[in-house]
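Here's the structure we're looking at; comments come further down.
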Amino acid sequence: MNMKSLKKVGLVLGAALLVPGMANAGDFVVSGKADFVSDYIWRGIDQNSGFSIQPSLTLGYKGLSLNAWGSQTLSKWGVNDNGGGAKEFDINLSYAIKGFSVTVSDYWWSGTDMPYGYYEDAHYFEGTLAYNFGETFDKFALNISWSKFVLGEDPTDNNKFSTYVNLSYPVSLPADITLTPALGFTPWKGMYNDKAGVTDVSIKASKDIQVTDKFAIPVFVQALVAPVHDRTYLLAGFSLGF
């Protein structure tokens with residue numbers, strides 16, 4: 001990692017360490033979890049990971065949050081040309097207020113064959129705007145997000161930055177089950193498809209399995225179709241966190 005990259009990382013860590021000193025104990029929140037998933041499908045794209053662990057760590061202060069998220073294969077070691085399994089590390093900075101949120105993300109998919117500090121073409125930067133209508137309308141829980149890559153390598157023609165739109169609507173069912181249909185699409189040519197198209201259609205059932213009075217394990221089963229890739233997946237997973 002070069003000196004310029006070290007300075008960037010140092011600034012992020014320094015800001016995170018300063019937050020507790022500026023905030024009241026009740027305003028500053030630390031949370032972490034690990035998702036275990038049968039496969040990792042991202043916006044309809046198979047990440048060739050198989051069974052994976054996806055840890056995340058979040059520091060929050062009021063509406064501001066800094067999140068580190070990763071994915072590491074547990075079943076496909078040595079299947080890639082670079083000799084290692086799929087590995088990802090992302091950093092997300094978000095601000096949310098009254099159902100509206102804005103997020104800036106740094107995606108890094110080169111965890112097996114390239115140093116983290118190599119920013120020439122190993123990092124992808126994306127901006128996301130999202131709104132949860134359920135924060136304003138009790139009986140209309142639609143979630144919508146618009147994501148666009150803004151910096152970094154983007155394999156599209158004529159510098160048209162890749163765009164992804166997602167809509168989801170959670171429905172509460174008996175037995176404390178939540179059923180969430182979702183639709184993802186790209187409105188024009190980009191890294192998701194060579195033209196506008198539906199990238200993923202899914203339906204997800206989730207439930208907290210109560211282990212003790214104070215401890216529950218969230219589990220899910222999801223059926224997903226990726227029309228632009230002509231692929232179908234049945235996924236499952238569970239989470240452990242605090």
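All values derive from a computational prediction rather than experimental measurement.
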| Is there a side chain to side chain contact (heavy atoms under 4.5 Å, CB included) between L66 and Y61 once you walk through the steps? | CA-CA 9 Å; L66 177 65; Y61 174 60; over 6 Å; no
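- S206 is listed as a side-chain neighbour of T178, based on a closest heavy-atom distance under 4.5 Å.
- N92 and S105 are linked by a side-chain donor-acceptor pair at a separation below 3.5 angstrom, with hydrogens and angles left out of the test.
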| field | Derivation of the side chain to side chain contact (heavy atoms under 4.5 Å, CB included) call for W188 and N193 | value | CA-CA 8 Å; W188 43 67; N193 196 34; over 6 Å; no
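- For the pair V165 and P187, the tightest heavy-atom approach, listed with the atom from each and the gap, is CG2-CD, 4.4 Å.
- Looking at F149, F89, Y107, Y116 one by one, the single match for ring pair (Phe, Tyr, Trp, His ring centres under 6.0 Å) with H123 turns out to be Y116.
- Two rings, from W69 and W108, have their centers 6.0 Å or more apart.
- Looking at every heavy atom in both residues, A141 comes nearest to P170 through O-CD, 3.4 Å.
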| query | Checking ring-ring contact (aromatic ring centres under 6.0 Å, His included) for the pair F100/Y131: CA distance, chi angles, key distance, verdict? | reply | CA-CA 4 Å; F100 175 79; Y131 187 71; 7.0 Å; no
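- T163 and K148 form a side-chain donor-acceptor contact under 3.5 Å, judged by distance and modelled atom types alone.
- Hydrophobic clustering of Ile, Leu, Val, Met, Phe, Trp and Tyr side chains at less than 4.5 Å, counting indirect connections, keeps V37 apart from F51.
- Of all heavy-atom pairs spanning T186 and K195, the tightest one is CG2-O, 3.9 Å.
- Checking Y192, Y233, Y164 one by one against D200, the side chain to side chain donor-acceptor pair (under 3.5 Å) holds for a single residue, Y164.
- A heavy-atom distance below 4.5 Å is not found between the side chains of F133 and D138.
- Between W109 and E88, the side chains place a donor N or O and an acceptor N or O closer than 3.5 Å (distance only, hydrogens not considered).
- Both Y124 and I45 belong to a common hydrophobic cluster when Ile, Leu, Val, Met, Phe, Trp and Tyr are linked at side-chain heavy-atom distances under 4.5 angstrom.
- Between R231 and D46 there is no side-chain heavy-atom pair separated by less than 4.5 Å.
- Within the model, atoms CG of L224 and CZ of R43 stand 13.5 Å from one another, a figure rounded to the nearest 0.5 Å.
- Atom CE of M191 is separated from atom OG1 of T199 by 11.5 Å, given to the nearest 0.5 angstrom.
- In the model, T58 has a side-chain atom that pairs as donor or acceptor with a side-chain atom of N67 under 3.5 Å.
- There is a side-chain donor-acceptor pair under 3.5 Å between S239 and D35.
- Counting non-hydrogen atoms of other residues, nucleotides and ligands closer than 6.0 Å to CG of D176 gives a total of 12 or fewer.
- Under the 4.5 Å side-chain heavy-atom criterion for grouping Ile, Leu, Val, Met, Phe, Trp and Tyr, V225 is not connected to L234 through any hydrophobic cluster.
- Atom CG of L167 and atom OH of Y169 lie 12.5 Å apart (nearest 0.5 Å).
- Here CD1 of I91 is found 11.0 Å from CG of L57. Values are rounded to the nearest 0.5 Å.
- Side chains of Q72 and K87 form a contact here, defined as non-hydrogen atoms less than 4.5 Å apart.
- In this structure, D208 and A216 approach most closely via the heavy-atom pair CB-CB, 4.2 Å.
- Linking Ile, Leu, Val, Met, Phe, Trp and Tyr residues whenever their side-chain heavy atoms come within less than 4.5 Å leaves F220 and L173 in two separate clusters.
- Following chains of ILVMFWY side-chain contacts shorter than 4.5 Å, one cannot reach V104 starting from L129, and the two form parts of different hydrophobic clusters.
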| query | Does the pair V211 and I217 meet the rule for a side chain to side chain contact (heavy atoms under 4.5 Å, CB included), with working shown? | reply | CA-CA 7 Å; V211 179; I217 299 178; 4.0 Å; yes
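- In this structure, the separation between CD1 on I209 and CZ on F215 is 11.5 Å, given to the nearest 0.5 Å.
- Contact between E135 and G99 at its shortest, heavy atoms only, is CG-CA, 3.4 Å.
- We find the OH-OG distance between Y40 and S71 to be 5.5 Å, quoted to the nearest 0.5 Å.
- Side chains of S49 and T73: no donor on one and acceptor on the other come within 3.5 Å.
- With contacts defined as side-chain heavy-atom distances shorter than 4.5 Å, the pair I41/D39 qualifies.
- Donor-acceptor pairing under 3.5 Å is lacking for the side chains of T103 and T128.
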